[in-house]
Amino acid sequence: MRLNPAPSHLGSLRQLPRAFFLRPSLRVAPDLLGRYLVRRVPGGRLVGRIVEVEAYRQQDPASHSYRGRTPRNEVMFRRGGYLYVYFTYGMHYCVNIVTGPEGHGEAVLIRAVEPIDGLELFRRNRHAEGYSLTNGPAKLCQAYGFERSFNGKDLIRSDVLIAAGNKVPRRLIARSGRIGIRMAAEKQWRFFIHGNPWVSKAG
DNA sequence: TGGACGATCCCCT
DNA sequence: GGGGATCGTCCAT
């Protein structure tokens with residue numbers, strides 16, 4: 001397992017502005033690769049480099065927002081830059097980044113990250129080691145400690161944010177069908193960093 | 001009021 | 001590669 005790049009390779013921890021998230025999910029999704037998902041905690045921080053994402057749009061039968069606004073998916077319809085955290089299969093949480101303007105039910109599911117900082121905290125939260133720390137959407141949620149109370153958090157001003165990191169060149173970005181869904185499975189809306197070992201195995 | 005099902009993971013084979 | 005765990009959400013009665 002390859003962990004923690006040399007400090008000279010660390011990307012920028014400058015926070016991305018609101019405008020970054022106001023674009024359509026299909027544009028934001030590949031642009032999120034290489035960025036850092038950061039959670040500040042007392043006495044430290046959890047930092048992971050985003051290596052795998054999926055885009056969801058409102059006019060998409062596989063999206064929670066497809067049937068319109070409900071109390072559950074309300075956050076998806078806000079303007080971009082909020083966290084949408086949902087609970088599924090009776091035991092797992094997944095985290096999304098809301099995108100687009102107010103009123104559009106769009107988001108990008110974060111499927112895998114590569115730990116950069118806060119490894120001990122990741123381990124403590126996950127009760128695991130190695131790639132299985134964060135190589136799946138529910139795994140990384142457990143590693144970061146994301147649960148219901150994080151739904152609706154503003155990435156522009158809260159203890160969770162997206163930092164600039166290093167944008168991934170287009171030639172290193174692969175795409176495929178999304179994982180674990182039946183509707184619109186043919187849509188090539190999953191994006192990941194080619195060859196990165198932290199990408200989830202499935203697919 | 002109830003039942004079907006899900007943007008998953010883990011463990012067993 | 002397959003099945004079980006486990007419960008919130010939504011929609012149909």
Side-chain angles (χ1 to χ4, degrees), chain A residues 1 21 24-33 35 37 48 50-78 80 82-100 104-115 122-153 155 160 162 173-193 196-203:
Chain A
M1 180 179 67
F21 306 100
S25 62
L26 278 173
R27 294 190 64 86
V28 175
D31 203 0
L32 275 172
L33 296 176
R35 313 299 192 173
L37 175 59
I50 298 172
V51 300
E52 179 183 354
V53 297
E54 285 178 358
Y56 286 86
R57 307 199 301 170
Q58 187 171 352
Q59 53 277 63
D60 169 7
S63 173
H64 289 173
S65 58
Y66 181 63
R67 296 176 188 278
R69 204 165 185 157
T70 69
R72 179 203 193 191
N73 64 25
E74 174 270 325
V75 173
M76 281 188 81
F77 288 82
R78 297 186 192 174
Y82 291 85
L83 282 186
Y84 170 50
V85 178
Y86 69 88
F87 182 75
T88 190
Y89 290 101
M91 60 188 93
H92 298 302
Y93 291 97
C94 294
V95 65
N96 297 249
I97 308 298
V98 175
T99 68
H104 291 236
E106 298 195 0
V108 177
L109 172 68
I110 309 297
R111 287 195 54 88
V113 306
E114 173 178 349
F122 280 136
R123 284 182 177 139
R124 196 178 311 160
N125 290 338
R126 261 293 282 161
H127 310 294
E129 295 284 345
Y131 293 126
S132 84
L133 276 175
T134 54
N135 68 346
K139 297 177 190 178
L140 73 89
C141 270
Q142 187 181 15
Y144 275 93
F146 292 150
E147 32 68 28
R148 173 170 309 282
S149 70
F150 286 76
N151 188 40
K153 267 193 187 288
L155 291 165
V160 181
I162 301 291
I173 297 178
R175 44 192 303 180
S176 79
R178 292 169 297 179
I179 293 178
I181 61 177
R182 291 198 292 262
M183 305 296 291
E186 80 286 359
K187 303 294 187 188
Q188 301 283 295
W189 291 346
R190 170 179 177 246
F191 302 86
F192 55 99
I193 299 178
N196 186 284
W198 293 86
V199 170
S200 68
K201 290 295 183 231

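Below, read A as the first sequence line, B as the second, and so on, with proteins coming before strands; counting in each chain starts at 1.
- Distance, A:Y56 OH to B:dG6 C1': 11 Å, rounded to whole Å.
- We find that CZ of A:R67 is positioned 12 Å from C1' of C:dA12, with the value rounded to whole Å.
- A:H64 places its NE2 atom 12 Å from the C1' atom of C:dC10, with the value rounded to the nearest Å.
- Interface residues of residues 134-143 of chain A facing DNA chain C, ordered by number: none; criterion, heavy-atom separation under 4.0 Å.
- Nucleic acid contact class of A:M76 (heavy atoms, under 4.0 Å, all strands): base.
- In this structure, A:Y66 atom OH and C:dC11 atom C1' are separated by 16 Å, rounded to whole Å.
- Base pairing of C:dT6 is not made with any nucleotide, judged by Watson-Crick or G-U wobble geometry with both donor-acceptor distances under 3.5 Å.
- Counting any heavy atom pair closer than 4.0 Å across all strands shown, A:S132 reaches no nucleic acid atom.
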Q: Report the C-alpha separation of A:I179 and A:E52 in whole Å, then their side-chain angles, then the decisive distance to 0.1 Å, and conclude whether the side chain to side chain contact (heavy atoms under 4.5 Å, CB included) test is met.
A: CA-CA 11 Å; A:I179 293 178; A:E52 179 183 354; 4.1 Å; yes
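- Among B:dG6, B:dC10, C:dC10, the nucleotide with an atom closest to any side-chain atom of A:R182 is B:dG6.
- Ring geometry, A:Y86 versus A:Y84: the interplanar angle falls from 30° to 60°, so the pair is classed tilted.
- Rounded to the nearest Å, the gap between the C1' atom of B:dC5 and that of C:dG3 is 16 Å.
- For the ring-ring contact (aromatic ring centres under 6.0 Å, His included) with A:Y144, the qualifying choice from A:F150, A:Y93, A:F122 is A:F122, the only one to do so.
- For the pair A:R57 CZ and B:dA7 P, the computed distance is 18 Å after rounding to whole Å.
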Q: Begin with the C-alpha distance, continue with both residues' side-chain angles, and end with the deciding distance and a verdict on side chain to side chain contact (heavy atoms under 4.5 Å, CB included) for A:V199 and A:R190.
A: CA-CA 11 Å; A:V199 170; A:R190 170 179 177 246; 3.4 Å; yes
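- Atom P of nucleotide B:dA7 and atom CG of A:N73 are separated by 13 Å, given to the nearest angstrom.
- With contacts defined as side-chain heavy-atom distances shorter than 4.5 Å, the pair A:W189/A:S25 does not qualify.
- In this structure, A:I181 reaches the sugar-phosphate backbone alone: every heavy-atom distance under 4.0 Å involves primed, P, OP1 or OP2 atoms, never a base.
- Distances shorter than 4.0 Å separate some side-chain N or O of A:R111 from OP1 or OP2 on B:dT8.
- A donor-acceptor contact shorter than 3.5 Å links the side chain of A:R175 to the backbone of A:Q188.
- Under the 3.5 Å distance criterion, the side-chain polar atoms of A:N73 are matched with a main-chain donor or acceptor of A:T70.
- With a 6.0 Å radius and a threshold of 12 heavy atoms from other residues, nucleotides or ligands, A:R69 has its CZ atom above the threshold.
- Note that CG of A:N151 is 12.0 Å distant from CZ of A:F146, once rounded to the nearest 0.5 Å.
- At a non-hydrogen distance threshold of 4.0 Å, A:F87, A:Y89, A:G90, A:M91 from residues 83-96 of chain A come into contact with DNA chain C.
- Between the side chain of A:R57 and the backbone N or O of A:S63, no donor-acceptor pair lies under 3.5 Å.
- The interatomic distance linking A:N151 (CG) with C:dG8 (P) rounds to 15 Å, in whole Å.
- If you take CZ of A:R72 and C1' of C:dC11, they are 13 Å apart, rounded to a whole angstrom.
- Between A:R148 and the phosphate of C:dT9, there is a side-chain N or O to OP1/OP2 separation shorter than 4.0 Å.
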